[in-house]
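Each remark here refers to the structure printed beneath this line.
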Amino acid sequence: MPMSTATARVLMTLEEKEASYELVLVNIPNGEHKHPDHLARNPFGQIPAFEDGSLMLFESRAVARYVAKKYDSGTDLLRSGNAEEAALVDVWLDVEANHFNPPIYSISYQYVVEENTAKLEKVLDVYEERLSKSKYLAGDFFSLADLSHFPFIRRLLTTPKATLITSRPHVNAWWRPSLRGRHTRRSPPEL
Ligand code: GSH
């Protein structure tokens, strides 16, 4: 289901790499993600699950890295031709998974909102400082590290906590690709 933030991470990566793909819906409200057929694709009974020929993967960040590595086309999301830039992409991908995702996840799903708002404030203060020095997280280039944040930022912006993003000028300019002069080449699925 493209409304899933983890699925959106993979879809955005496929779009950036201009890869052909088929999105197969797993009906979560009907419990299809817990059926044996789906558990064979993702043993944790979650979406997304990803198939490429005989290769089966799960965990959206691992899938996104695989897609970004596999295709030469589209945006260079990993900067693997430059060890220093690639290391910075890795740093900010780990920051997303370990510092950014836990509090924004809880806020978006309305769990322990105030405690996590305070945590996310601190994380976003680090981002504000970082993004005042470079256009994107890993440097002056758009990478998988930026992309990996956007599904949850997009969701947070539909909640009363949107000001966490909009009150920080550099963070707010960062998530909106149009402000950076980037334009989607194709229309992605409605997230
Ligand atoms: N760490 C996993 C990833 O990045 O792929 C998280 C996947 C995840 O949380 N998927 C959610 C899901 O399948 C949808 S966004 N929820 C249903 C469930 O956990 O039963």
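Counting starts at 1 for both ligands and their atoms, in listed order.
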Proximal ligand 1 atoms for Lys34, defined as those under 4.0 Å from one of its heavy atoms:
18 (C), 20 (O)
Taking 4.0 angstrom as the limit, do Arg168 and Asp125 come out as a salt bridge?
yes
Does at least one non-hydrogen atom of Met1 fall below 4.0 angstrom from an atom of ligand 1?
no
Go through the steps to decide whether Arg65 and Asp90 satisfy the test salt bridge (charged side-chain N to carboxylate O under 4.0 Å, His left out), and finish with yes or no.
CA-CA 10 Å; Arg65 278 181 213 255; Asp90 280 344; 3.2 Å; yes
Lys69 atom NZ, over 12 foreign heavy atoms within 6.0 Å:
no
Nearest non-hydrogen protein atom to atom 10 (N) of ligand 1, with distance, is Ile47 O, 2.8 Å
Mark up the atoms of ligand 1 that fall under 4.0 Å of a heavy atom belonging to Pro48, in ascending order.
5 (O)
Under the side chain to side chain contact (heavy atoms under 4.5 Å, CB included) criterion, do Glu96 and Phe152 qualify, and how do the steps go?
CA-CA 10 Å; Glu96 185 273 324; Phe152 255 129; 5.6 Å; no
Please give me the minimum heavy-atom distance between Pro102 and Asn116, naming the atom from each residue.
O-OD1, 4.3 Å
Which residue holds the protein heavy atom closest to atom 15 (S) of ligand 1, what is that atom called, and what is the gap in Å?
Ser4 OG, 3.2 Å
Protein residue, atom and distance nearest to atom 5 (O) of ligand 1, heavy-atom basis
Ser60 N, 2.8 Å
Lys161 bridged to Glu114 by N-O distance under 4.0 Å
yes
For atom 2 (C) of ligand 1, find the nearest protein heavy atom and state the residue, atom name and distance (0.1 Å precision).
Glu59 OE1, 3.3 Å
Of Tyr136, Phe142, Tyr127, which meets ring pair (Phe, Tyr, Trp, His ring centres under 6.0 Å) against Trp92?
Tyr127
For Arg61, the atoms of ligand 1 under 4.0 Å from one of its heavy atoms are 4 (O)
Considering non-hydrogen atoms of the protein only, which is the closest contact for atom 19 (O) of ligand 1, and what is the distance?
Gln46 NE2, 3.0 Å
